[in-house]
Structures are given as C-alpha cells and as structure tokens.
Amino acid sequence: MRNFISVKDVNDINVLTAKALAYKANPLVDKKLGADKRIGLLFLNPSLRTRLSTQVAAQQLGLEVTVFNVDKDGWALEFEDGAIMSGNTVEHVKDAAPILGRYFDILCIRAFPSLTNKADDYSEEVMNSFIKYAGVPIVSLESATLHPLQSLTDIITIKETFTEERKPKIVLTWAPHIKALPQCVPNSFSEWINAWGEADFVITHPEDYELDEKYTKGATITQNQDEALKDADFVYVKNWSTYTDYGRIYTNDPAWMLANKKLTVTNNAKIMHCLPVRRNVELSDEVLDSANSIVTKQAANRVWAAQAVLSEILKTK
Ligand code: CP
C-alpha cells in the first residue's frame, strides 16, 4: 500500500480487517517495524479519536510520532495552483509539502471540506496536493469527502460483533444536527460497505439529503426510516448536510432522532456512530447509554485500523 485515501487503496478488505484484529489480540507483535522511521500527523481541523488512536497505533509499531496542528501552529497554506498570494495564505503547499516529506517517512493529514464550494471539496485538492508534492506515503485522517480509517474501523467492528452465518442488515440513517456537517463519514461508510459486499445495506434520509451516488450505488435508499429499520442488525447513525444543493441544512426534524421505541422493529440492532455525537439532538441518551450501543468499542477499534494501515505502508516502503 502506497497511500491510504479511500477503499480503492485496499486490495482485500477482509485481509486488512483480519490484520487489524490480529493487532488487537497482540498489539506489540510488530513493535520494531517502524524503528528509525518518523510519522507526521498534520491537523488542519480538530480531532480526538483520529489523532490519539493513530498516535497510539504508530507508537505500537515503533514509529517516532510528531503531531502538528497546522491550523493553529503552522502558516496558512495555499493550495490553488498559480495563486497570487496577496491574501491570508502565507505558504504554498508546493513549498511546504516537499519539506515535510523530507522530515517524515509517512505523512497523515486531516483536512475538512469548506462546504461552500462542492467542486473544490470533491476534487480533494488538499489530499491530492500532498500526494503530488510530498514524495512520501499519505494517509487520510479524514478528507473533504471521505474518512477511510473510520470506515475500516466500522467494518472491523461489525465483523467482530456479528457472528451469524448470514449477511447482516446494516442501516445508515441520517440524524438531525444543528450545524452543517460534511458528507465524509456517510460517503466513506457507503463506499466501504458496498465494496465489502457482505451486507444487506440500506440508507435512509429525509428528502433532498441524497449523497453522491458514486458512493451509494448498490445500496437500497429510502426516505422511510421506520421501514428501513425493520430487521436491522446494525444501525449507523450520522448527520450530514445536503450534497446536491451543497452544504445546507434543509431540516432538523427531531422525529429522525433514534429513541428506543423506534428500534423495536430491528433485530435487536447494535447502534454505531463515529463520534463526536450531540446527545439528544443527533442520538438520544437512552439509545447511546443502552446495552445495544457499541460506539465505545467502535472508537476503541480505531487504533487497530490505523495500526493495520500503517503496517501495510511500512511493509511496502
Ligand atoms: N470519529 C472521528 O474521526 O473522531 P475525531 O473527529 O475525534 O477524530
């Protein structure tokens, strides 16, 4: 594996998840793999889980880790080719990325979308610029459109939890939120579940919240949440802003927030969310605090997903 930007960088999802679960059973088995190598974690946006789980994963592989909050401590980066830099940006990625590529053996980057310019966001300018100019492997810690480490974690968690000899029914449901959020997590989750191909996959959302069909094609899509939830084994809860009329909130209908009553039609479904979650806006206390919630296990599994990916990259280098 050279870069880890999307599911397209993965040869076999089941092999990668098995590797992650092997690390979970034996975290330090490859503690010398990253010896004398350095990894830089660059954050253009906040993070709790991604930042710390990737740091722990890298340390367990023996890598020396540097975390750099580009948004707070670095120069404001310019990404536009040919830009006349007379505004707020101070340093072009063309200049910064090759330097970072000399300091580090692997670079990991978190850069959220603007949610104001769909073409720019969906061109993945930030991630692609680092791939173009850094000269070292690039790992996405969540980009403008995708969150692949989260999605790998999600499949690891589903495989670990579901032991029946049949395909699980997985429902991705939109939930209300007070802010316009990116489509990264639902795009990525859809892309990975479709590529995995070992689930009956249903997406439910209100009118006008369609995601880019590049990611959702293959899933059953419905605006009837109650219908979607029937017989679900897993319910993945997430808000996203509109994709077609980009980055907007059309509704905050609290009827879309899951409460235990709605879940009675499921197959005793396990509840997932990537976190952070706004309690009693996006997901009710009673669901989050129930025995069916696996959000903590899911977040804890971020370490093993990151460790499997970094290990693949180190073994390729
Ligand atoms: N799920 C996730 O990416 O969490 P953080 O934003 O805290 O990293």
Side-chain angles (χ1 to χ4, degrees), residues 4-7 17 20 24 39-60 65-73 106-115 121 124 126-127 138-158 160-161 170 172-175 177-193 211 215 234-241 270-279 281-283 287-288 293-310:
F4 184 72
I5 306 301
S6 82
V7 74
T17 56
K24 185 169 184 173
I39 186 168
L41 311 187
L42 310 183
F43 286 86
L44 283 78
N45 302 98
S47 166
L48 186 151
R49 280 144 290 269
T50 308
R51 173 185 180 129
L52 296 172
S53 62
T54 309
Q55 197 166 349
V56 170
Q59 284 163 345
Q60 288 176 167
V65 188
T66 299
V67 180
F68 186 57
N69 296 316
V70 182
D71 56 337
K72 296 184 185 72
D73 303 323
I106 302 173
L107 281 174
C108 305
I109 296 145
R110 165 165 283 200
F112 288 168
S114 66
L115 290 181
D121 289 346
E124 288 287 7
V126 175
M127 217 49 72
I138 301 296
V139 174
S140 167
L141 300 176
E142 189 168 350
S143 69
T145 65
L146 296 170
H147 196 353
L149 280 174
Q150 180 66 55
S151 308
L152 172 58
T153 304
D154 299 335
I155 292 185
I156 291 165
T157 308
I158 289 165
E160 192 184 26
T161 307
I170 301 172
L172 168 64
T173 181
W174 181 92
H177 203 285
I178 56 156
K179 286 181 70 179
L181 296 189
Q183 295 104 34
C184 313
V185 170
N187 281 348
S188 194
F189 185 72
S190 301
E191 185 180 45
W192 279 72
I193 296 293
L211 294 161
Y215 306 113
F234 293 89
V235 181
Y236 199 107
V237 182
K238 186 73 185 86
N239 170 268
W240 61 89
S241 60
K270 299 287 184 271
I271 308 303
M272 302 178 74
H273 189 289
C274 63
L275 305 179
V277 62
R278 293 212 181 218
R279 281 177 174 256
V281 175
E282 212 179 346
L283 196 45
V287 172
L288 270 168
S293 168
I294 56 170
V295 299
T296 304
K297 172 178 172 176
Q298 184 185 355
N301 279 340
R302 293 292 306 271
V303 171
W304 317 114
Q307 193 161 335
V309 166
L310 295 179

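Each ligand, and each atom within it, is numbered from 1 in the order the structure gives. We're numbering straight along the sequence, starting at 1. Note that the structure is predicted; figures quoted are calculated from it, not measured.
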Regarding ligand 1, does [X] bring an N or O atom to under 3.5 Å of one of the ligand's N or O atoms?
X: P276; answer: no
X: L48; answer: yes
X: R51; answer: no

Requested in this report: Identify the two heavy atoms, one from Q307 and one from A57, that lie closest to each other, and give their separation to 0.1 Å.
Outcome: N-CB, 3.5 Å
Query - Donor-acceptor contact below 3.5 Å, side chain Q183 vs main chain S241 - result: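 Yes.
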If the cut-off is 4.0 Å to any non-hydrogen atom of [X], which atoms of ligand 1 fall inside it?
X: H147; result: 2 (C), 3 (O)
X: R302; result: 1 (N), 2 (C), 3 (O)
X: C274; result: 1 (N)
X: Q150; result: 1 (N), 2 (C)

Requested in this report: Would you indicate whether the side-chain heavy atoms of T66 and I39 approach each other to under 4.5 Å?
Outcome: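 Of all side-chain heavy-atom pairs linking T66 with I39, none is under 4.5 Å.
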Report task. Measure the shortest side-chain to side-chain distance between R302 and L149 over non-hydrogen atoms and say whether it is less than 4.5 angstrom. Result ->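 A side-chain contact under 4.5 Å exists here.
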Query raised in the report: To the nearest 0.1 Å, how far is atom 6 (O) of ligand 1 from its closest protein heavy atom, and which atom is that?
Result: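 Checking every protein heavy atom, the shortest distance to atom 6 (O) of ligand 1 gives R110 NH1, 2.9 Å.
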Report summary line: The closest protein heavy-atom partner of atom 4 (O) of ligand 1 is R49 NE, 3.0 Å
Report task. Begin from the C-alpha positions of T157 and N301 and carry the test side chain to side chain donor-acceptor pair (under 3.5 Å) through to its verdict. Result -> CA-CA 7 Å; T157 308; N301 279 340; 3.0 Å; yes
Query raised in the report: Counting heavy atoms only, which part of V185 comes closer than 4.0 Å to ligand 1: side chain, backbone, both or neither?
Result: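 Neither; no heavy atom under 4.0 Å.
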Query raised in the report: Do F43 and F68 make the cut of ring centroids closer than 6.0 angstrom?
Result: no
Report task. Test side chain to side chain donor-acceptor pair (under 3.5 Å) on T145 and N187 and set out the steps. Result -> CA-CA 7 Å; T145 65; N187 281 348; 5.2 Å; no
